[in-house]
Amino acid sequence: MAARLAPEGAEWRPGRDYEIVGEIGGGAQEGCNSVVFRIRTAARGAEYALKMVVHIVGDAAAQRRGHQQSSALVRGLGAEWREPLRLPPHECLVPVLHHYHSDQPRLRDHIADPAWAAAAADRTLFLVMPLYARGSLRSFIAERRRATPEPPFGLGWVWFGNLLLRMLRAVNHLISHDLVHGDIKDDQWFLDDAGQIFLGDFGTAWKLTDDDGVARPLASRDELVDRRAG
């Protein structure tokens with residue numbers, strides 16, 4: 001299992017524990033519910049990806065900030081950190097190295113859409129994960145297609161075969177532990193420097209069994225659609 005970076009739930013503060021090197025991807029301006037930063041830690045100078053989930057609440061000041069948000073965060077955003085940490089580690093999944101809830105209102109300035117920024121709570125969920133410098137599978141393939149328009153885009157069919165194998169291994173690992181990811185697509189896979197892919201973003205994940213291992217059957221097909229447990 002990947003080494004934990006801090007005690008469970010310990011908050012990281014910009015300027016104290018890390019500095020923001022830049023942003024990764026399009027973030028909330030492209031319809032995502034998060035902004036991902038490239039950060040460098042103050043203690044060791046190591047770089048990681050820091051995901052800030054955009055937590056939307058009501059207009060009242062009490063709903064915008066403070067520890068009263070924690071229960072809503074656990075209930076609404078818990079799958080983002082809980083499900084990956086419950087799983088046995090796997091070489092095809094993005095590990096969550098640290099997670100915490102924190103009031104950091106100035107980070108809302110990084111939300112490009114003014115309407116989203118105005119509706120976002122000060123207190124939200126943060127995830128620290130490995131930095132995958134090559135970005136998502138979507139952006140990587142788009143870049144390769146621009147450089148070499150004809151398949152296999154200068155990559156080789158063996159690379160695509162390995163890609164498919166790692167996808168199947170990741171999904172098999174989830175299924176074998178009664179977990180549905182719920183949102184598998186090309187921008188949820190991330191590439192390391194060697195070109196290997198890793199599945200991440202468990203925001204819509206749903207466990208098919210409870211903590212005692214008892215099945216949690218869906219009541220209807222409509223519930224399946226509602227949960228996006230595709």
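- Aromatic ring centres of His98 and Trp12: separated by under 6.0 Å.
- The aromatic rings of Phe140 and Trp159 lie tilted to each other, with the angle between the two planes from 30° to 60°.
- Side-chain atoms of His181 do not come within 3.5 Å of backbone N or O of Leu199 as any donor-acceptor pair.
- Listed here is the closest heavy atom pair of Glu91 and Phe198: O-CE2, 3.0 Å.
- Closest heavy-atom contact between Asp192 and Arg134: O-CD, 3.2 Å.
- Taking CG of Leu77 as the start and NE2 of His101 as the end, the distance is 7.0 Å to the nearest 0.5 Å.
- A donor-acceptor pair under 3.5 Å is absent between the side-chain atoms of Ser34 and the main chain of Val54, judged by distance alone.
- How far SG of Cys92 is from CG of Asn172: 10.5 Å, rounded to the nearest 0.5 Å.
- Summarising the geometry of Leu93 relative to Leu174, their closest heavy-atom pair is CD1-CD2, 4.0 Å, with the distance given to 0.1 Å.
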Show me, pair by pair, the donor-acceptor contacts under 3.5 angstrom made by side chains of residues 142-153, not counting sequence neighbours?
residue: Arg144; atom: NE; partner: Phe153; partner atom: O; Å: 3.2
residue: Arg144; atom: NH2; partner: Phe153; partner atom: O; Å: 3.2

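- Contact detail for His55 and Thr124: the closest heavy-atom pair is CB-OG1, 3.4 Å.
- With a 4.5 Å cut-off on side-chain heavy atoms, Leu155 and Phe160 count as touching.
- Not one N or O on the side chain of Ser139 forms a donor-acceptor pair closer than 3.5 Å with the backbone of Gly135.
- Contact of the Leu137 side chain with the Met167 side chain is registered, since non-hydrogen atoms from C-beta on lie closer than 4.5 Å.
- Residues forming a side-chain contact (heavy atoms from CB on, under 4.5 Å) with Ala42 (at least two apart in sequence, or on another chain): none.
- Closest approach of Pro130 to Pro95, counting heavy atoms only: CD-O, 3.3 Å.
- Ring centers of His99 and Phe126: at least 6.0 Å apart, outside the cut-off.
- Looking at Asp183 and Gln188, their side chains do bring a donor and an acceptor atom within 3.5 Å of each other.
- A chain of hydrophobic side-chain contacts below 4.5 Å, direct or via other Ile, Leu, Val, Met, Phe, Trp or Tyr residues, connects Trp189 to Ile175.
- Distance CG/Leu191 to CD/Gln196: 8.5 Å, rounded to 0.5 Å.
- The shortest side-chain heavy-atom distance between Thr209 and Leu179 does not fall under the 4.5 Å cut-off.
- Panel note: side chain Lys207, backbone His177; a donor-acceptor pair is recorded below 3.5 Å.
- With contacts defined as side-chain heavy-atom distances shorter than 4.5 Å, the pair Leu5/Tyr48 qualifies.
- In this structure, CG in Asp187 is found 8.0 Å from CG in Asp201, a value given to the nearest 0.5 Å.
- Across all their heavy atoms, Ala133 and Asp193 have their closest contact at CB-OD1, 4.1 Å.
- Arg38 places no side-chain N or O within donor-acceptor distance of the main-chain N or O of Ala49, the cut-off being under 3.5 Å.
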Tell me which donor-acceptor pairs under 3.5 Å the side chains of residues 14-22 have, and how far apart each pair is, sequence neighbours excluded?
residue: Arg16; atom: NH2; partner: Glu11; partner atom: O; Å: 3.2
residue: Asp17; atom: OD2; partner: Arg13; partner atom: N; Å: 2.7
residue: Glu19; atom: OE2; partner: Arg40; partner atom: NH1; Å: 3.2

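- For the atom pair CG of Leu97 and CG of Leu127, the computed distance is 10.0 Å after rounding to the nearest 0.5 Å.
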